[in-house]
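Data block below; observations after.
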Protein chains: 2
Amino acid sequence: MTQTSVPDVVIRRLTTYLQTLKHMAQRGEHVASSTEIGRWAGVSPAQVRKDLSHFGEFGRQGLGYEIGFLCTQIERILKIDQDWRLILVGAGALGHALMNYGAFVTGRFQIVAVFDSDPAKVNTRVGQREILPMERLAEIIAERHVEIAILAVPATAAQHVADQLVACGVRSILSYAPITLNTPRDVHVRYIDPVASLQTMTYYL
Amino acid sequence: MTQTSVPDVVIRRLTTYLQTLKHMAQRGEHVASSTEIGRWAGVSPAQVRKDLSHFGEFGRQGLGYEIGFLCTQIERILKIDQDWRLILVGAGALGHALMNYGAFVTGRFQIVAVFDSDPAKVNTRVGQREILPMERLAEIIAERHVEIAILAVPATAAQHVADQLVACGVRSILSYAPITLNTPRDVHVRYIDPVASLQTMTYYL
DNA sequence: CAGACATTGTGATATTCAGCACAATCATTC
DNA sequence: GAATGATTGTGCTGAATATCACAATGTCTG
Ligand SMILES: NC(=O)c1ccc[n+]([C@@H]2O[C@H](COP(=O)([O-])OP(=O)(O)OC[C@H]3O[C@@H](n4cnc5c(N)ncnc54)[C@H](O)[C@@H]3O)[C@@H](O)[C@H]2O)c1
Ligand SMILES: NC(=O)c1ccc[n+]([C@@H]2O[C@H](COP(=O)([O-])OP(=O)(O)OC[C@H]3O[C@@H](n4cnc5c(N)ncnc54)[C@H](O)[C@@H]3O)[C@@H](O)[C@H]2O)c1
């Protein structure tokens, strides 16, 4: 029940439940049991129920969970029932893909500014937005109340940029650079690295 | 010691240790203690030692781990001391970024073919490679002994393509589609989804 | 509206994973 | 070459996480 004692794995599973529920909703279903949710999310029914019970009682005995209601609740728990403004640092190949990614154009996570250190790229456009110089980082972060940044710069520059972001008040970083960042405790960092993912898969082959 | 009983979290941490070690090697260091490795990888020294002890004794008391040697050993454990041939399905924005990603061009994970169902894209080029039609999937996978695939198609097509891949004998899938795939037990799937990562971070804000 | 049925929420239990502490071991110094 | 200092490898312990099992509670049908 206590907010702080919920393990991180539970939080991560909530996102997959949400995915599953949205998918079911699109298929026209209105109610889902923990068994169904579990099957599609790849976890046991008991796990689903226990995870949800950390935050309250959302289901009905004998019936299951009302999909729309549960979606709303999970979104509230994860605080994604509101818009979040992001910035992107690094307008390379990956940065371009991200800027054109539907979820960041129309969804609740909106990239409000793109930064790059390369003078040749600054003032050119990517998607809808103009690439800004790093000098304007602090200004935009403060002005737009940005708390989350996506890092898509080379590994060699990642730590340096991360330090700048932290200094500007960014509290969450999603990094694509294949390097573990050194940040203060209260700054949350997640990593996305396809090579690392592949390396863990070959072990099982 | 037993190969099968090693938890998946340990395997995933091995990749971060390897990253850290490579980084240290580049800085000209030759020996690393569990404390140093742990500091940069963000885990406790005891954790580092225990993880490594699952596979053998790689260190020297009083000194630490010889970096080059440990790299070699971890690479052997993860089976990344050999080249792996990958295929990529989906030559969209993300597919293009991946094809031009250095790690997939020069590293041990090599994308040997790209597929797309869009006739307008087939026979055009992305990076060095020609985009192939889905009809040639089975042929190439068998011919090149491909066991790993990267999935970069829209969510709506992901399950269908995954089924095709499994039918062709692919045993590991790295999926960028925001959907949990339904696959046989012996097929390993990892997911990369920036939105899911962001959703878990807002909880802590 | 009563009885059959299905499913939740959760205390208890089992299992997995992380941290601790120290003997064993090796390099280095004097 | 003995004494010192540092670090590993690991049994033990405790914490975190998953599973089980069932009472509680609702739905649905005839
Ligand atoms: N391309 C991919 O598909 C892919 C996939 C996974 C991970 N990554 C990783 O993502 C990162 C970016 O990849 P990419 O392919 O887009 O590289 P890229 O070289 O195409 O783009 C990097 C961009 O960062 C900018 N940059 C460099 N130093 C900077 C600094 N100090 N401040 C601000 N901007 C700076 C560069 O000007 C460039 O525009 C890399 O760390 C890479 O390892 C890439
Ligand atoms: N663009 C990004 O930065 C980004 C980031 C994370 C995740 N994703 C996810 O990755 C996937 C691809 O994203 P994208 O931006 O490249 O999309 P995209 O629309 O640019 O590309 C998708 C490609 O898949 C092809 N395709 C569609 N159905 C197919 C089928 N049945 N068989 C083979 N090919 C098929 C299309 O022809 C197209 O070329 C999506 O699931 C998206 O949600 C994208």
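Side chains included, hydrogens not; waters and symmetry mates left out as well; all remaining heavy atoms used.
Other residues, nucleotides and ligands place no more than 12 heavy atoms under 6.0 Å from the CD atom of A:Q128. No more than 12 heavy atoms of other residues, nucleotides or ligands lie within 6.0 Å of NE2 in B:H23, so this atom counts as exposed by the packing criterion.
B:L70 has its CG atom 11 Å from the P atom of D:dT8, to the nearest Å. Rounding to whole angstrom units, CD of residue A:E57 and P of D:dA24 are separated by 14 Å. The nearest whole Å value for the distance from the CD atom in A:Q61 to the P atom in C:dT7 is 12 Å. Across the protein-nucleic acid pair, B:L14 atom CG and C:dC17 atom P stand 14 Å apart, rounded to whole Å. Rounded to an integer number of Å, the gap from CZ of A:F55 to C1' of C:dT8 is 17 Å. Note: CG (B:D51) to P (C:dT16) measures 17 Å, nearest angstrom. Rounding to whole angstrom units, CZ of residue B:R12 and P of C:dT16 are separated by 16 Å. Per the geometry, CZ belonging to A:F58 stands 11 Å off P belonging to C:dT10, to the nearest Å.
Remark: B:Q47 is in phosphate contact with C:dG19, judged by side-chain N or O atoms under 4.0 Å from OP1 or OP2. For C:dT7, the OP1/OP2 oxygens have no side-chain nitrogen or oxygen of A:S34 closer than 4.0 Å. Considering only side-chain N and O atoms, B:Y65 lies under 4.0 angstrom from the phosphate OP1 or OP2 of D:dG9.
You'll find the side chain of B:P178 reaches within 4.5 Å of the side chain of A:Q19, heavy atoms only.
Mapped onto DNA chain D by nearest heavy atom, A:R49 and B:L63 fall at different nucleotides, with B:L63 at the one closer to the 5' end. Nearer the 5' end of DNA chain D, as judged by each residue's closest nucleotide, is the contact made by B:G62, out of B:G62 and B:A46.
Across all strands shown, A:T35 has no heavy atoms under 4.0 Å from either base or sugar-phosphate atoms.
Side-chain N/O atoms of A:R60 and base N/O atoms of D:dG26 include no donor-acceptor pair closer than 3.5 Å. Side-chain atoms of A:K50 stay outside donor-acceptor range of the base of C:dG9, with no qualifying N/O pair under 3.5 Å.
The residue from A:V114, A:L132, A:L151, A:I173 that alone fulfils the side-chain contact (heavy atoms from CB on, under 4.5 Å) condition with A:V89 is A:L151.
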